[in-house]
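Everything below concerns the one structure shown next.
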Amino acid sequence: MVRRRRTRGAMLIELTAAVGILAVVLAGVAASMYGDQRALRASYYRAVAIEIVDGEMERLAAGEWRAYGQGTHPLEPQADAAASLPDGRFLLTVEGKRLRLEWQPAQHGNGGRVVREVTLP
């Protein structure tokens, strides 16, 4: 009878230790997955921003830049994909024959700035 109690106690201690180790391992896996998810989301935002900036720059370089005067102007993109982006802004800078279009996210970690420059002929 005493032997059985000691065996049960040892098994309970081993089970508790195993559950503790499992919890630590799963916490590490969850943290890793969270980091991967954030990196993937930032890459998605950057890809969407690149697509929009490239399309808008083509449109502007084709002649629409004339509607803007010299200086920096906020730009409202025509692409529906802009709804997929987090808060941020598109800025067009016209300096002589040089156009610069950039997307600036409002928060750090949302894909980073995307900049395109074109020198007009």
Side-chain angles (χ1 to χ4, degrees):
M1 184 81 161
V2 173
R3 192 162 180 67
R4 243 188 229 169
R5 284 186 185 170
R6 286 184 185 164
T7 306
R8 286 185 203 159
M11 283 210 253
L12 187 60
I13 290 171
E14 287 180 19
L15 181 62
T16 304
V19 169
I21 292 170
L22 184 63
V24 169
V25 168
L26 288 179
V29 169
S32 174
M33 289 176 68
Y34 178 71
D36 290 347
Q37 181 184 15
R38 288 188 63 188
L40 187 61
R41 186 177 297 127
S43 295
Y44 171 74
Y45 290 151
R46 184 161 180 79
V48 171
I50 288 171
E51 179 183 347
I52 293 171
V53 167
D54 286 345
E56 292 295 319
M57 185 55 86
E58 285 182 24
R59 188 174 56 83
L60 289 165
E64 248 184 76
W65 66 274
R66 292 181 183 95
Y68 299 92
Q70 296 291 318
T72 303
H73 310 279
L75 184 75
E76 209 45 55
Q78 294 181 358
D80 292 335
S84 299
L85 290 174
D87 291 336
R89 61 185 182 163
F90 289 89
L91 292 176
L92 171 65
T93 304
V94 180
E95 295 174 344
K97 293 282 188 174
R98 205 168 130 232
L99 303 177
R100 175 186 171 107
L101 181 60
E102 65 182 303
W103 178 69
Q104 300 173 342
Q107 290 183 335
H108 178 70
N110 284 337
R113 286 179 27 183
V114 175
V115 179
R116 293 293 182 265
E117 292 187 10
V118 172
T119 303
L120 300 169

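Bear in mind the structure is a predicted one, so any value in this text is a computation, not a measurement. In this chain, residues are counted from 1 in sequence order.
The two residues S84 and Y45 come nearest to each other via the heavy atoms O-CE2, 3.4 Å. Smallest separation of non-hydrogen atoms from L101 and V53: CD2-O, 3.7 Å. Scanning all heavy atoms of the two residues, the minimum distance from V114 to A49 falls at CG2-CB, 3.8 Å. What you find for G109 and A42 is that their closest heavy atoms are O-CB, 3.6 Å.
Taken from OH in Y68 to CG in L75, the straight-line distance is 4.5 Å, to the nearest 0.5 Å. Rounded to the nearest 0.5 Å, atoms CG (D36) and CE (M33) are 8.0 Å apart. Separating the CD atom in E102 from the CE atom in M57 is a distance of 10.0 Å, to the nearest 0.5 Å. Rounding to the nearest 0.5 Å places CZ of R38 at 8.5 Å from CG of N110. Summarising the geometry, atom CZ belonging to R46 is positioned 10.0 Å from atom CZ belonging to R113; distances are rounded to the nearest 0.5 Å. Between the CZ atom in R66 and the CG atom in L120 there is a gap of 8.0 Å [rounded to 0.5 Å].
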Side-chain donor-acceptor pairs under 3.5 Å in residues 87-98, sequence neighbours left out?
| residue | atom | partner | partner atom | Å |
| --- | --- | --- | --- | --- |
| R89 | NE | Q104 | OE1 | 2.9 |
| R89 | NH2 | Q104 | OE1 | 3.1 |
| T93 | OG1 | T72 | OG1 | 3.4 |
| E95 | OE1 | R98 | NH1 | 3.0 |
| R98 | NE | E117 | OE1 | 3.3 |
| R98 | NH2 | E117 | OE1 | 3.1 |
| R98 | NH2 | E117 | OE2 | 3.3 |

message: Test side chain to side chain contact (heavy atoms under 4.5 Å, CB included) on L85 and I52; report intermediate values, then the result.
response: CA-CA 10 Å; L85 290 174; I52 293 171; 3.9 Å; yes
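The neighbour count for Q78 CD, taken as heavy atoms of other residues, nucleotides or ligands under 6.0 Å away, is above 12. Residue-environment remark: CD (Q70) exceeds the threshold of 12 foreign heavy atoms within 6.0 Å.
At distances below 3.5 Å, not a single donor-acceptor pair connects side-chain atoms of S32 with backbone N or O atoms of G28.
Under the salt bridge (charged side-chain N to carboxylate O under 4.0 Å, His left out) criterion, R116 pairs with D54, sequence neighbours left out.
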